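Since the structure comes first, as structure tokens, the remarks are kept for the end.
In this text, all values refer to a predicted model and were calculated from it rather than measured experimentally. Quick note: numbers below take in every heavy atom, side chains included, and nothing from hydrogens, waters or symmetry partners.
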Amino acid sequence: MDQRTCPHCHSVLESWIGPPETGWGELFVCNNNDCHYYLTSNTCLVEQGGKECLGFRYAEDPMNNFSSFNLLSWFPASLKEKAQALANASNG
Ligand SMILES: [Zn+2]
């Protein structure tokens with residue numbers, strides 16, 4: 001099978017087996033922490049008083065003709081600075 005690559009960062013997507021309760025089966029996920037898509041999709045649940053940050057990784061579902069979707073993923077606080085720098089850069 002051809003390797004799938006992320007259209008945002010061109011990293012090779014990694015095989016990932018979804019949790020059994022999701023019924024997803026095998027997925028292909030961009031695990032690149034430098035992926036622009038991932039870095040710009042993060043959101044922090046500060047309104048709940050915590051510092052829990054989540055982001056969306058680019059993913060494809062081979063069971064659905066490799067259609068792309070957002071895979072909710074933990075977003076480490078250590079990446080926040082990088083994401084912020086990226087946002088500032090894109091603002092000019
Ligand atoms: Zn990517």
Notebook entry, point to check: What distance do H36 atom NE2 and Y58 atom OH have between them, rounded to the nearest 0.5 Å?
Noted result: 16.0 Å

Next item on the list: Over all heavy atoms of both residues, which pair between K80 and C53 is shortest? Give the atoms and the distance, please.
Entry: CD-SG, 4.1 Å

Checklist line | P76: side-chain contact (heavy atoms from CB on, under 4.5 Å) partners, not counting sequence neighbours | finding: Y38, W74, S78, L79

Checklist line | Check against side chain to side chain contact (heavy atoms under 4.5 Å, CB included), F56 and L71 | finding: CA-CA 5 Å; F56 292 103; L71 182 68; over 6 Å; no

Notebook entry, point to check: Atom SG of C30 and atom NE2 of H10: how far apart are they, to the nearest 0.5 Å?
Noted result: 10.5 Å

Notebook entry, point to check: Closest heavy-atom contact between C35 and H8?
Noted result: SG-CB, 4.0 Å

Item checked: N/O donor-acceptor pair under 3.5 Å between N32 side chain and D34 backbone -> yes

Checklist line | Distance in Å, N64 CG paired with F69 CZ, rounded so as to fall on 0.5 Å steps | finding: 9.5 Å

Next item on the list: Quick one: pull up CZ in F75 and CG in L39 and give me the separation to the nearest 0.5 Å.
Entry: 5.0 Å

Note to self: Please find the pair of heavy atoms, one from E14 and one from N31, that lie closest to each other, and give the distance.
What the structure shows: OE1-ND2, 3.0 Å

Check: Are V12 and F28 joined in one hydrophobic group, where the rule is that I, L, V, M, F, W and Y side chains link up if heavy atoms are under 4.5 Å apart?
Finding: no

Check: Going only through I, L, V, M, F, W and Y residues with side-chain contacts under 4.5 Å, is there a path from W24 to L72?
Finding: no

Notebook entry, point to check: Measuring from L13:CG to S68:OG, what's the distance to the nearest 0.5 Å?
Noted result: 10.5 Å

Note to self: Any non-hydrogen side-chain atom of N33 less than 4.5 Å from a side-chain atom of R57?
What the structure shows: yes

